[in-house]
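Within every chain, numbering begins at 1; the chains are lettered A, B, ... in the order of the sequence lines, protein sequences first and strands thereafter.
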2 protein chains.
Amino acid sequence: MGNGMKITIKEVAKEAGVSIATVSRVLNGKDGIKPSTKDRVEKAIVKYNFSPDHIARSMIVKESKTIGLLVPQLSNEYWATLAEVIEEALWTHGYTLLLCTSSTRDDSLQKEKAAIHSFIQRKVDGIIYSTSSGANESFLEFTEQIKRYGVPIVAFDQKIQGMSQIYGDHLQGAMDAVKHLIQLGHRNIAYIGGPLVSPERELGYRNAHTIHDLPVYEQLITRGEPTFQFGYRAMRELIESGRLFTGVFCGNDLIALGALQALETAGRRVPEDVAVVGYDDIHMASFAKPALTTVRQPIAEMGRTLVEQVLLSIETGNAPQQSRHLVFPMTLVVRESCGAKTRVRTL
Amino acid sequence: MGNGMKITIKEVAKEAGVSIATVSRVLNGKDGIKPSTKDRVEKAIVKYNFSPDHIARSMIVKESKTIGLLVPQLSNEYWATLAEVIEEALWTHGYTLLLCTSSTRDDSLQKEKAAIHSFIQRKVDGIIYSTSSGANESFLEFTEQIKRYGVPIVAFDQKIQGMSQIYGDHLQGAMDAVKHLIQLGHRNIAYIGGPLVSPERELGYRNAHTIHDLPVYEQLITRGEPTFQFGYRAMRELIESGRLFTGVFCGNDLIALGALQALETAGRRVPEDVAVVGYDDIHMASFAKPALTTVRQPIAEMGRTLVEQVLLSIETGNAPQQSRHLVFPMTLVVRESCGAKTRVRTL
DNA sequence: ATGAAAGCGCTAACAC
DNA sequence: GTGTTAGCGCTTTCAT
């Protein structure tokens with residue numbers, strides 16, 4: 001229960017009858033210390049349950065062994081899993097995680113700024129940065145400012161000039177998904193996505209149509225938040241609008257799950273009446289009824305690469321030349337909601 | 001980027017033509033500074049894009065405005081949501097989160113120890129602690145050690161002597177769930193849980209039987225990990241064992257979802273052949289088909305209370321007398337998987 | 001092999 | 001109002 005006196009290296013030194021320099025030496029495993037001395041020091045350490053002040057140390061050695069991670073949210077399984085992978089990988093390398101979420105507030109860009117600032121002030125050795133903010137002018141100014149800090153930073157799913165980037169090939173992922181739908185015979189495919197899920201997905205949706213010489217119906221495109229609620233609402237409005245569509249590609253699985261629900265409520269069968277495919281492949285996707293066809297992101301690999309990259313940037317002193325772009329392939333996971341399996345079976 | 005020179009309060013002072021003390025004053029918003037001076041300092045600050053070293057500051061003021069949070073995992077939506085709520089609440093109070101997960105490793109107790117240690121070394125102002133470790137002797141020794149550090153710490157869903165505790169009334173929650181099943185006419189109810197989800201849930205399962213003068217069949221009890229995979233496996237074995245059961249209460253929703261899957265694979269209808277109820281009420285629960293009846297935990301309230309409590313402990317200097325026990329009620333959410341709704345409809 | 005002393009970047013008396 | 005100075009708890013020369 002903290003017996004009043006705050007214990008520091010000084011107390012330990014006194015107890016062991018040595019100078020603080022010596023205690024520091026055994027603390028850091030330096031050699032050239034008489035075993036007997038080392039022994040006394042170690043005894044004193046356990047006696048006092050002494051734990052060196054990492055903060056004071058980091059002021060001198062100029063490394064905090066702490067990394068800042070900024071993610072939009074944690075309540076979306078996709079981000080939660082990524083955060084977990086990152087924490088774990090960082091830990092094996094001796095780093096501890098400082099974590100902030102940005103999308104839990106109305107003004108997420110402001111929270112992002114404040115979070116990065118908090119990281120900088122806390123002297124993190126590096127930052128892993130993902131965001132939900134669009135690329136407006138205020139955002140660009142912000143990224144410029146970040147770079148001025150000179151802290152190693154790697155951007156995830158974010159195209160930012162002059163810093164390391166790791167991202168998924170969402171253009172490919174989305175194209176694969178929509179092409180699959182087209183090959184299944186669908187000609188009126190809706191898209192429910194939004195500015196908040198990467199714009200490449202919408203682009204992929206469009207490209208797939210173009211490649212197949214098919215027109216894109218703008219009225220079948222809905223943009224909004226990357227949530228279950230939005231997916232539900234968007235699908236409901238689509239149905240009520242009376243527009244014709246037999247398939248829908250969703251910007252992420254949460255949206256797709258919401259759409260599935262709305263479809264069921266409206267009495268439309270999936271995949272018979274409308275085929276749906278999502279994006280991310282979160283666990284829920286496979287539990288859904290019908291099981292959701294979706295685009296799988298290699299979250300674990302991406303997470304591990306993210307930490308490899310920050311660590312590399314830290315080692316190389318954040319040399320800008322070192323900044324790399326790594327892109328990961330997406331894979332289409334065909335389950336029941338797209339109807340492919342049903343068709344195969346009935347052939 | 002980073003033009004070589006590391007800029008500190010000194011550079012700013014020189015630029016503004018004042019002493020570092022003055023810069024410090026404007027930084028901390030102290031009054032009694034000539035507006036013109038303040039102005040020059042502020043200009044110098046933005047010119048250099050200066051951000052004061054929080055770490056150096058905290059050495060003097062003895063507060064880091066950082067809280068350590070230890071959760072078992074993030075890939076379980078329950079914990080992810082809790083972490084998100086906590087981060088958000090902490091942030092509004094000016095704190096930043098240091099986060100560690102413990103169950104991502106084989107030896108979770110060891111990681112827990114190391115994580116707490118990392119928090120202490122990084123001079124967190126307080127700790128929010130939840131765990132997945134059972135209460136063995138090694139664990140007790142550990143909690144004793146934690147307390148010796150003298151850092152404000154609040155335990156979540158954990159009965160630890162001498163520290164603030166926030167927990168859910170899982171005995172009540174589990175009893176409600178099982179009583180519900182019993183009232184629906186079930187007499188052979190299985191339990192799939194484990195040492196890792198709080199033992200109160202198993203106790204509640206037993207108590208509900210006792211209250212209704214019903215026997216508990218030990219062969220219907222399976223213990224293991226709190227995962228989807230375990231739920232699936234356990235249910236499968238239960239079915240293969242040929243034992244009679246018409247209902248099952250699961251230690252958490254992930255387990256229940258796994259059981260649901262196994263039941264479906266085996267061709268048993270839910271709720272007609274077997275009724276199932278889960279625990280937590282994660283989002284997935286309501287998406288499942290049939291929608292899962294479950295026990296809802298008030299995650300948001302618990303999360304907010306957790307931070308209120310650490311903050312309180314910090315203010316009061318962690319006076320042990322101040323340590324409180326707050327318990328939250330659980331509420332049964334009746335959906336489709338228990339059959340209650342079907343029955344009502346068919347009556 | 002070990003001690004003395006000079007900082008790391010900042011805040012908080014204490015002076016003027 | 002503002003500058004000077006003494007630390008915070010530690011690491012690291014530089015002596016001895």
Side-chain angles (χ1 to χ4, degrees), chain A residues 2 5-42 44-45 48-66 117-118 120-125 149-151, chain B residues 5-42 44-45 48-66 118 120-125 149-151:
Chain A
M5 184 56 182
K6 181 120 205 73
I7 75 126
T8 73
I9 200 174
K10 261 190 207 151
E11 283 67 52
V12 177
K14 195 192 301 173
E15 170 73 19
V18 296
S19 74
I20 62 170
T22 301
V23 177
S24 173
R25 285 178 184 116
V26 344
L27 243 26
N28 294 285
K30 314 256 187 208
D31 38 30
I33 296 171
K34 206 190 323 178
S36 63
T37 325
K38 188 175 173 188
D39 221 60
R40 276 175 12 245
V41 172
E42 279 165 347
I45 289 175
Y48 283 155
N49 194 217
F50 170 67
S51 179
D53 186 330
H54 188 94
I55 251 48
R57 169 171 214 279
S58 70
M59 283 193 65
I60 304 175
V61 300
K62 264 99 181 65
E63 60 167 25
S64 61
K65 287 292 182 187
T66 309
H117 202 229
S118 165
I120 300 289
Q121 291 196 130
R122 285 173 173 74
K123 290 275 154 338
V124 295
D125 293 336
Y149 285 128
V151 179
Chain B
M5 185 57 184
K6 181 120 203 73
I7 74 127
T8 73
I9 201 173
K10 262 191 207 152
E11 283 67 52
V12 176
K14 197 192 298 174
E15 169 73 18
V18 297
S19 73
I20 60 168
T22 299
V23 177
S24 173
R25 282 176 187 120
V26 343
L27 243 26
N28 294 285
K30 313 257 186 206
D31 38 31
I33 297 170
K34 210 193 316 181
S36 64
T37 327
K38 186 175 173 187
D39 221 61
R40 285 192 343 264
V41 173
E42 280 166 347
I45 289 176
Y48 284 155
N49 194 217
F50 170 66
S51 181
D53 186 330
H54 189 94
I55 251 49
R57 172 175 209 278
S58 70
M59 283 194 64
I60 303 176
V61 300
K62 265 99 180 64
E63 58 167 25
S64 61
K65 287 290 181 188
T66 309
S118 165
I120 299 289
Q121 289 197 134
R122 284 172 173 74
K123 288 279 161 322
V124 295
D125 293 337
Y149 285 127
V151 180

Q.
For A:S36 and A:I20, find the nucleotide of DNA chain C closest to each by heavy atoms; which residue's nucleotide sits nearer the 5' end?
A.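 First, find each residue's nearest nucleotide; the 5'-ward one identifies A:S36.
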Nearest-neighbour nucleotide for the [X] side chain, [options] considered:
X     : options                : value
B:R25 : D:dC10, D:dT11, C:dA13 : C:dA13
B:P52 : D:dT11, C:dC10, D:dG3  : C:dC10
A:K62 : C:dG9, D:dC10, D:dC8   : C:dG9
A:S19 : D:dG9, C:dG3, C:dT2    : C:dG3

So, does [X] get its side chain near the phosphate of [N], meaning an N or O under 4.0 Å from OP1 or OP2?
X     : N      : answer
A:T8  : D:dG9  : no
A:T37 : C:dT2  : yes
B:S24 : C:dC10 : no
A:K38 : C:dA1  : no

Q | Main-chain N/O of B:V124 paired to B:T66 side chain as donor or acceptor, under 3.5 Å | A |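 No: the side chain of B:T66 does not pair with the backbone of B:V124.
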Q) Do side-chain atoms of A:R40 reach the backbone of A:A16 as a donor and acceptor pair under 3.5 angstrom? A)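 Checked: pair present.
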**Q.** Residue met sooner reading DNA chain D from 5', once A:F50 and B:R40 are mapped to nucleotides
**A.**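 Its nearest nucleotide being more 5', the pick is B:R40.
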Nearest-Å distance, [atom1] ([X]) to [atom2] ([N])?
X      : N      : atom1 : atom2 : result
B:I60  : C:dT11 : CD1   : P     : 6 Å
B:L27  : C:dA12 : CG    : C1'   : 14 Å
A:I33  : C:dG3  : CD1   : P     : 10 Å
B:K123 : D:dC10 : NZ    : C1'   : 11 Å
A:Y48  : D:dG9  : OH    : P     : 15 Å
B:D53  : C:dC8  : CG    : C1'   : 9 Å
A:M59  : C:dG9  : CE    : C1'   : 4 Å
B:E63  : D:dC8  : CD    : P     : 18 Å

Q. Touch check for A:T22, heavy atoms < 4.0 angstrom, all strands: base, sugar-phosphate only, or nothing?
A.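 Contact class for A:T22: sugar-phosphate only.
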**Q.** Sugar-phosphate, base or nothing in reach of B:K30, heavy atoms under 4.0 Å
**A.**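 Sugar-phosphate, no base atom in range.
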Q | Residues A:K65 and A:D125 bridged, charged N to O under 4.0 Å | A |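 Salt bridge flag = no for A:D125 with A:K65.
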Q.
Just to verify, what does B:S51 make a side chain to side chain contact (heavy atoms under 4.5 Å, CB included) with, not counting sequence neighbours?
A.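 Testing B:S51 for side chain to side chain contact (heavy atoms under 4.5 Å, CB included), a comparison that skips the adjacent residues, returns A:H117, A:I120, A:Q121, A:Y149.
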Q: Apply side chain to side chain contact (heavy atoms under 4.5 Å, CB included) to A:V41 and A:E15, showing your working.
A: CA-CA 8 Å; A:V41 172; A:E15 170 73 19; over 6 Å; no
